[in-house]
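Throughout, protein chains are lettered first and strands after them, A, B, ... in sequence-line order, and every chain is numbered starting at 1.
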Protein chains: 2
Amino acid sequence: MTRSEENYLKAIYHLSDTFDGGISTNAIAEKMKTKASSVTDMIKKLSEKELVNYRRYKGVELTERGKLVAASIIRKHRLWEVFLVDKLNFTWDEVHDVAEQLEHIKSEKLINQLDEFLGFPKRDPHGDPIPDKDGNMSDHADVLLVTLNKNDKGIIVGVKDSSSSFLKYLDKQGIALGKKIKVIDKEPFDNSMKIRIKKEEFTISQQIANNIYMKK
Amino acid sequence: MTRSEENYLKAIYHLSDTFDGGISTNAIAEKMKTKASSVTDMIKKLSEKELVNYRRYKGVELTERGKLVAASIIRKHRLWEVFLVDKLNFTWDEVHDVAEQLEHIKSEKLINQLDEFLGFPKRDPHGDPIPDKDGNMSDHADVLLVTLNKNDKGIIVGVKDSSSSFLKYLDKQGIALGKKIKVIDKEPFDNSMKIRIKKEEFTISQQIANNIYMKK
DNA sequence: TTCTTTTTTTAGATATAACTAAATATTAAT
DNA sequence: ATTAATATTTAGTTATATCTAAAAAAAGAA
């Protein structure tokens, strides 16, 4: 498992968190700050290793093995972030670049001893959950959509208002339980927000956002 | 500075510790477990970056800048070793491979905070001195040559017996203050040892080894 | 000094992971 | 249903760091 392969798996894992279905070559290229042609090459390689499923022009999805590898890298990344903040007095905004390097260190013992040394933390300094040895991650806590900020992502898990007029509105917009949302922009004046579901972007009012429960 | 360049600098630094003068292509190849031709390529690269001085067929020596870079990698390696043993309950024989990876993490802040977190240790778990930020290393403590074990290295810093017959013997063998010695083998039966000075190997008795002070 | 052995270097090849430019496939629009 | 626009892939190139095999230089022996 090369460093580059690990970085691609991690990128695909994070993108799958925001988008349903196959992740497009271009989306990966943008995330990895590289070119689509490079992504195509790497996808072939990961596909041969059965870490992703890949259908030409249909995008990629992680296999179970792929998910496990990605989760283990995220586990390492987040544990190192806790170490940097809790033990070495880094601030939460300084940790990312260093953790990007540390996440590629290969040693089962190292990461499990580190986990213990840190007291088996459940979340990293940004509040993101830390996967355990088996790749299981405790869920994000439920919050109202209105509390999310620009660039936050989440999954719709419930509604507060169950009136038929509200639910009809949701149906019309294609908003439903299980859908993944990313907040593209938030208007401070009236708390209306531009959100993205699948590849579609549209704006919703604060009233709407106030009645949708999300898992962050 | 690539990982490979760093590893070569470190290897040359360690070899310079045991041998005087230029370090040969073959010696580096052996240490790096690679081929002489690969070493030649890398030497050219390091030479262009003025990290080593290089004369065809005469071997290489680190420049001041090269020494500084090498010392900073060794500093990182040894500090991480202390971390692994002191904080994560590794045993002294488990740390090397992981430290080989950790030594390449790039972050000034990381290594200086780690240094502080560990209480500014002076030696790693094997007793080797840890260079400070400026590449300065506290000397090894003086020991009798007889106390060294197989594969240990050191510099001759003094003699206990100053009789002319002893000193004459030393002269004849080419043993003198400042010479670098590596213990090639040690015979448990009589504590005689096969040692190497420059590229010459020979055997000395316990009486001799008992009268020579070394800096490890 | 000439020959042999050892050491070192060169030349050419391979693998990884990028890139650019061009070709091809898919989706969207008229 | 074509055409236009977009997305993706292919082909060919580059840089790093290796390697093998062969050539060249230096050191050692006769």
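Residue B/Thr34 places at least one side-chain N or O under 4.0 Å from the OP1 or OP2 atom of D/dC19. A/Tyr54 has a side-chain polar atom (N or O) that falls below the 4.0 Å cut-off from OP1 or OP2 of D/dT9. Between B/Ser38 and D/dT18 there is no side-chain polar atom (N or O) within less than 4.0 angstrom of OP1 or OP2. Note on B/Asn26: a side-chain N or O is less than 4.0 Å away from OP1 or OP2 of C/dT8. For the pair B/Lys58 and C/dT7, the criterion of a side-chain N or O lying under 4.0 Å from OP1 or OP2 is not met. In this structure, A/Lys35 does not reach the D/dT14 phosphate: none of its side-chain N or O atoms is under 4.0 Å from OP1 or OP2. Phosphate contact (OP1/OP2 of C/dT16, side-chain N/O of A/Tyr8, threshold under 4.0 Å): absent.
Counting atom types as modelled, A/Ser37 pairs a side-chain N or O with a base atom of C/dT20 as donor and acceptor under 3.5 Å.
Atom CD1 in A/Ile43 sits about 6 Å away from atom P in D/dT9, given to the nearest Å. Computed from coordinates, the A/Met1 CE to C/dT16 C1' distance equals 13 Å when rounded to whole Å. Counting to the nearest Å, the C1' atom of D/dA26 and the CZ atom of B/Arg55 are 14 Å from each other. When rounded to the nearest whole Å, the span between CD1 of A/Ile28 and C1' of C/dA18 equals 16 Å. One atom, OH of A/Tyr57, and another, P of C/dT27, lie 10 Å apart when rounded to the nearest Å. B/Arg3 has its CZ atom 23 Å from the P atom of D/dA15, to the nearest Å. Rounded to whole Å, atom P of D/dT20 lies 13 Å from atom CG of B/Asp41. Put simply, NZ on A/Lys33 is 18 Å from C1' on C/dC19, counting in whole angstrom units.
Mapping B/Ser24 and A/Thr2 onto DNA chain C by nearest heavy atom places B/Ser24 closer to the 5' end of the strand. Each of A/Glu5 and B/Val39 was assigned the nucleotide of DNA chain C with the nearest heavy atom; the assignment lying further toward the 5' end belongs to B/Val39.
A salt bridge links B/Lys49 to B/Glu5: one of the charged nitrogens lies within less than 4.0 Å of a carboxylate oxygen. A salt bridge links B/Arg75 to B/Asp115: at least one charged side-chain nitrogen sits closer than 4.0 Å to a carboxylate oxygen. B/Glu64 and B/Lys67 are joined by a salt bridge, as a carboxylate oxygen and a charged side-chain nitrogen come within less than 4.0 angstrom of each other. One finds no salt bridge joining A/Glu103 and A/Arg78 here, because no Lys/Arg side-chain nitrogen approaches an Asp/Glu carboxylate oxygen to under 4.0 Å. Between B/Lys194 and B/Asp185 there is no salt bridge, since no side-chain N of the basic residue sits under 4.0 Å from a carboxylate O of the acidic one.
Across all strands shown, B/Ser4 has heavy atoms under 4.0 Å from sugar-phosphate atoms exclusively, and none from any base. Contacts of A/Thr40 with the nucleic acid, taken as non-hydrogen atoms under 4.0 Å apart, include base atoms.
Closest to the side chain of A/Lys44, from the set D/dT10, D/dT9, C/dT10, is D/dT10. Of all nucleotides listed (D/dT9, D/dT16, C/dT10), D/dT9 comes nearest to the side chain of A/Arg56.
In the displayed structure, A/Gln207 atom CD is contacted under 6.0 Å by at most 12 heavy atoms of other residues, nucleotides or ligands.
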